[in-house]
Structures are given as C-alpha cells and as structure tokens.
Protein chains: 2
Amino acid sequence: MIAGVSPTPTDPIEKDRSRKRSTINDIARLANVSKKTVSRVINESPFVKEETRLRVNAIIREVGFEPDPQARGLAFRRSFLIGMIYDNPTPQYVVNMQQGILDAMRGTSYGLLVHPCERTSPTYLSDLRGFIERQKLFGVILTPSISEDERMVKMLREFECHYVRIASVMLDKPSTMVVTHDADGAAEAAHYLAELGHERIAHISGPPSFRSAHERRRGFREALAQRGVKLRPSFDREGNYTFDSGIAAARELLALKPRPTAIFAGNDEMAAGVYKVAHELGIDIPRQLSVIGFDDSATALRLWPVLTSVRLPVREMGKLATDKLFGRQAKKKPAEPELSEVIPKLIIRESTAAPSE
Amino acid sequence: MIAGVSPTPTDPIEKDRSRKRSTINDIARLANVSKKTVSRVINESPFVKEETRLRVNAIIREVGFEPDPQARGLAFRRSFLIGMIYDNPTPQYVVNMQQGILDAMRGTSYGLLVHPCERTSPTYLSDLRGFIERQKLFGVILTPSISEDERMVKMLREFECHYVRIASVMLDKPSTMVVTHDADGAAEAAHYLAELGHERIAHISGPPSFRSAHERRRGFREALAQRGVKLRPSFDREGNYTFDSGIAAARELLALKPRPTAIFAGNDEMAAGVYKVAHELGIDIPRQLSVIGFDDSATALRLWPVLTSVRLPVREMGKLATDKLFGRQAKKKPAEPELSEVIPKLIIRESTAAPSE
DNA sequence: CTGAAAGCGCTTACAG
DNA sequence: CTGAAAGCGCTTACAG
C-alpha cells in the first residue's frame, strides 16, 4: 500500500521512527485491520480468520512488535508479573528456585519480582498485602515456610491472585500444589544408616514453624522404627535450619555418653555445623561419626569429606510450579489429578560408613 | 462535604466498594479538587498551595490510596521497576545484592525484577535488549562482570534507562559508579602474608573476563613487590571463580617442588577448592599452608579451619547503588564528586599462620 | 469473523 | 496555583 517505507541509511526521520517502539496501531495500519483484530491475534482468540491471523502475525514478526505489558496490564487489571515470595534462609535454595521460575518464563513477556520476607515481622502480612495489591500480580510462587501460611493464601484468594504452593505435604487443591515428599527422602536416609549397622542414631530437626521439619523428622523416625531402631529422646534435637543451630545441637549430641554414631541433620547447613564440632573434638567423619544432610546444596561438596545428602531438585521445582501457574500441565491422562510431585533422592558420598565400634 | 460515607458493617455495598481499590478520581472527588491536582500532590510538585496539599494528603492517607504503578508507568512511558542484571556465579553474592537493593527500595512503590544472564550466550545482548525495552525499566543495577560490558551500557543509554555500575575500578561518570577497590583488599592480603614471613606465595586468579580478577591480582602482586616478594610465574595460576577451577589450580600448585606456603585465592569458592586438595594430600592448614579467600561469603565460616578472607560488603553495595539510582546521594560537600566507594577489609581467621619451614 | 467506542488509572501539554 | 482535554497502549463490552 505505502510505497518506499523501507528506511534508508541517510534518512534521519526514518531513523528516528525506527527508534520508537511500534504499537498495536502501527500493526493495525500495516495489516489493514482494526487494532481490535490485532489484539485478538495477540491474545490468540479463536475468532480470527486463518488468513487474517497469518497476515497479522507476519507483520508482527517483521516489525518485531511486542505488546507493552504495562498497557496490557492496565487494561487487563492485572500485571504481567510473577512474584516469588520466600523466607527460606539458604541462598542456594533461593537462587535455584529463581532460576527454575525463570526457566519456565523464558520466551514470555512476564517478569519475576522477588519478595523476601520474615514471618516474625509485625508488618509481614500487611507488607505482603501492599505488594500484591499494588503490583496487581498475575500470580505468585510460594516456597516454604510462607507456602504453609493459610492467612497468606486467604489473602491471595481475596485479591484473586493465582498461586502455587511448594510444600512437603498436600495442603490445598492439587492444582495449586507442588508436593516434595520430604518424609520419603528422610526415610531413605534412615534405611541407609540402619543398613550400615548404626543403632545410636541422632537427628537434628528444623524449626517447628517449617512443615518440612516435621516431615523430615517423621519420615526418619518411622523408617527407623520399621528397622527396629528407636530414636531416643536424648538423640532427638531441635535446630532451626541455620549453621549456628547445627553447631549448638551437635555440641550437645557429641557430649553424650555414649554418643551417637550417626547424625541425620534436617538440612545441609546444620550438617555443616555438625562437621565443625566434630573437627573441633577430633571426631573422624565417617569412621567415628556418619553424617547425612538434606538439600544437597553446594555446601555438601565443599565440606570435607563430601557430604551424603538428600537431594531436592529445587530448580525443577521452580519450573514445575511456574508451569502450573501458567496452566501448563504436564501431559497425563486427563482423568488423573493435576498434582505435581517431586521425589527426593539420597546422594551417597563420603560422610557415611559402618560404625567402627 | 459528603455525610455518612463511613462504611457500616451491615452495608454490603460499602463493603464491596471498600474491596475495590480507590483511584485518583476518588481522591479528587473527596478532596474537591481536580485529579490533576491530586497528581501534583503525588508527584510532589511545588506548585500546589500548602493548604491544598495537606488536605489531599490527609485524604490519601485516610483512604489508604496508593497510585497504580502500571497506570503511572504507562503515562510516564517508564515503569516503576528496577532490574538487577547479573552473571555472578555465587548465590550468596546474588542474594546479598538483592537484599541490599530491596533495602533501598523499601517504602517505595518500585519492584525488583531479576535477570540473570550469561555473557557467552549468543542471545545475551538481544535478550537483554528485549527485557529492557519491553519492561521499560526505570533503571538497572549492573554487577560484575556485566557492569564491565560497554555494549550493555551503550544500549542502556540508547533506551534512556538509568543505570548504576558496580565494579572494581572507575569505568564511567562518577554519578553512575560504585567502586569497590578490590586491589586494595588484595593488597591487604599480600601485606599480611608477607608480615607472617611467607616468601613462596601463590595466587589463583579469576577469569580474565572479570575486571575484578585483574584488580585482585594486580593489587596482590604490587603489594608483594613492595615487600620485596616476587610472584613467580609458576605460582601465578588462572581459575574462573568456581570451586572446580580452584581444585584444578590447587592440584598444580601443591604438586610443585618446593610448593607454596601460602595461597591467595581470587574468591572463597576457589579457596574452598584449595582446602579440598590440601585435605586430600594431607597438607595441614594453616601449619603447612596458609590460605586466604576473597568475598568473606558464608562458605568462609563453613570451611575447617575457618577461612581468612577479604570482605566486600555486598548488601551495602546494593543499597548504595540503588540509592544512587534514585538520585539519593550520600550527604557530602556538594563540591565533591558524587562517586560511591567501598573499601574491602581483611578478616583474619584461622587459615593463616607463619610458615613452618 | 470484524470494528468503533469507551475505558483501565494515571500524566503531559496547554490554558488560565 | 489549578483544571479540562487529550493521550499513554492496550482491552472490554457491545454491535454488526
């Protein structure tokens, strides 16, 4: 229709025009349709003639047009932003989770907004409410322990904000859950230690405010019981998933007589604390003490000897959760519930051996 | 003006209204001014009568009104989003940096969008261009080594996107820089080792693609030279800031005869690699080998013995950079250049001692 | 299957 | 110091 629109290098006006992003109006004009039709193509409406759709799409690609998420968001009354809300203290976990979410977002026009928070802060809920309401989030990914807070979830429903909860057990409708079955991973650790011949086995659990702490402890205890090994009260210590709490618990545990020959820590950070105390006391790992962690974080490989740990595929969990948020379900028989599950796996390294005594 | 507007618990209509966010129009109506005036108050325009401003602000607070960032962004042709663009491989660094940026953003209506990337990817620059153009970012924080890429910066200028570069040396106008002076930190490490009496001192540097790798090496070499100690070529190894590269370099270094009595690693990750090899070879740290890292990350405390390391206040750097992006300068004599600087500091722990031989 | 009008919640450009 | 009109780039609601 319009002749000679291709920019020439000597044409300063055309240069300026090309710097400006093209809009839905430009596309409509070039395709000779209304902007509403372009909008329909963008939003993949089925009510567009095949031929029209192809023509519009061709022009969109040619011009390199991308709709403005802010404008779309304003009209949709909902932004193209995903929030990651977390209070997990482990950087490795946070970064892996972010990576997984971004994996699923690649190629979309969505952005990832991060929002760390502290459940103990008095403004925790109101901060979060402000964040979600202000940003008009499309949806959020909730990781433990935030994912276990029903007040949080109630608020999200109020704002009609989509969400997916990552947690160690089923807490909600299957379509909103990624379940990590921490108890099964802990059970694997228990069976392995029992098979090695350990009987004086200790556990350092996470804080009661994390559901995973209960699950890991329960899975461990129950599997031990199956093997006829009892987790004695003095060998059953509470930590809070931090390195320091692992040190404190290990000091108590290793002062006991007789002391445990194996310790299963609720996560790798606390296992690192056990290592520190063992080194201080001159206790050899694994000859005199077997240690197992949980998470299989980067730390596991940096410890000496390398740590046996239960691996959770954190990055994949983030991707799974985000696919779910976008309504992209893994292909299954449609009859099956749309639950997503993840199975932890014991990675055996050099911190575990048969007891020497 | 309007009587009885306070909602009563039994009034379902009022309840419904209260669920809907109020807009600039509601405030204008309640304050008996035009929405343009409300807009002026929001944007802190000086051209509003004191009395009007107070009245409008009172109503804004009363109603709990917050302007919609998407709508503002559309009108401003610029979003209320800050991007953090990074390719740093250390999770601890990434999380600390994010925390620092969020510290500075607290109380604002801005959001933090994360964008990890790989400089080696063929789509690196075009991905980034898409990200910045699509999201119409208010500004970005660039961390090493992305912050050292002039093509990246050129692109940002093209889009008139504000930016602050965090880097180990001055690369740009002072108003856009947070300089970390890595060379000074490395020099401290050198002086300390020389003082302890070491002469066979080795260095494992980061990858040449990171400016900090050069700076740390340079600072270390020069300070050593001042003390009359030469960094021999066989003791001068290149790594790439990863744990594995630290292992590889340490294997070579510790096979040398005579081997070094001290190793300064370009970061803690590589120092962790040195520990692993030393343990394997039965070399005692610090009696037979002193080790110093850089970053003072969480890993430094989890290693045994605890690692002497050069600390960079990463979280503060993030806050500093973001304050700068917002034009919030530290108060100084206005004549002084608006450069932000950070001085690394050697944290002495238990991985360093006088050489035994 | 397609389009003209009105609107999302703000701001810019202009006028007074 | 204040406001009415037009516009940012899209979509909804309606009509045909």
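Lettering follows sequence order; numbering is per chain, from 1.
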Worksheet entry | Protein-to-nucleotide contact annotation, 5' to 3' order, nucleotides 5-16 of chain D [B base; S sugar-phosphate only; - none; under 4.0 Å, heavy atom] | --BBBBBB----
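By the ring pair (Phe, Tyr, Trp, His ring centres under 6.0 Å) test, Tyr110(A) is found to be paired with Phe80(A), Phe138(A), Phe326(A), residues two or more places apart in sequence or in another chain being considered.
Not one side-chain nitrogen or oxygen of Ser34(B) sits closer than 4.0 Å to the OP1 or OP2 atom of dT2(D). Between dT2(D) and Thr52(B), a contact under 4.0 Å exists linking OP1 or OP2 to a side-chain N or O.
The two residues Met105(B) and Ile82(B) come nearest to each other via the heavy atoms SD-CG1, 4.1 Å. Nearest approach of Met84(A) to Gln98(A), heavy atoms of both residues: SD-CG, 3.6 Å.
Side-chain contact of Asn43(A) with Arg72(A): a donor-acceptor pair under 3.5 Å is present, judged by distance alone. For His162(A) and Arg157(A), the side-chain atoms include no donor-acceptor pair closer than 3.5 Å. With hydrogens and angles left out, the side-chain atoms of Asp87(B) and Ser145(B) include a donor and acceptor closer than 3.5 Å.
Counting heavy atoms from C-beta outward, Tyr163(A) and Ile85(A) have side chains that stay 4.5 Å or more apart.
DNA chain C contains the following stems of three or more consecutive Watson-Crick or G-U pairs, with both distances under 3.5 Å: C:1-3 with D:14-16, C:5-12 with D:5-12, C:14-16 with D:1-3.
As judged by a 4.0 angstrom heavy-atom cut-off over every strand, Pro46(A) is placed among residues touching the sugar-phosphate backbone only.
With hydrogens and angles ignored, the 3.5 Å screen pairs no side-chain donor or acceptor of Thr176(A) with any backbone N or O of Asp172(A).
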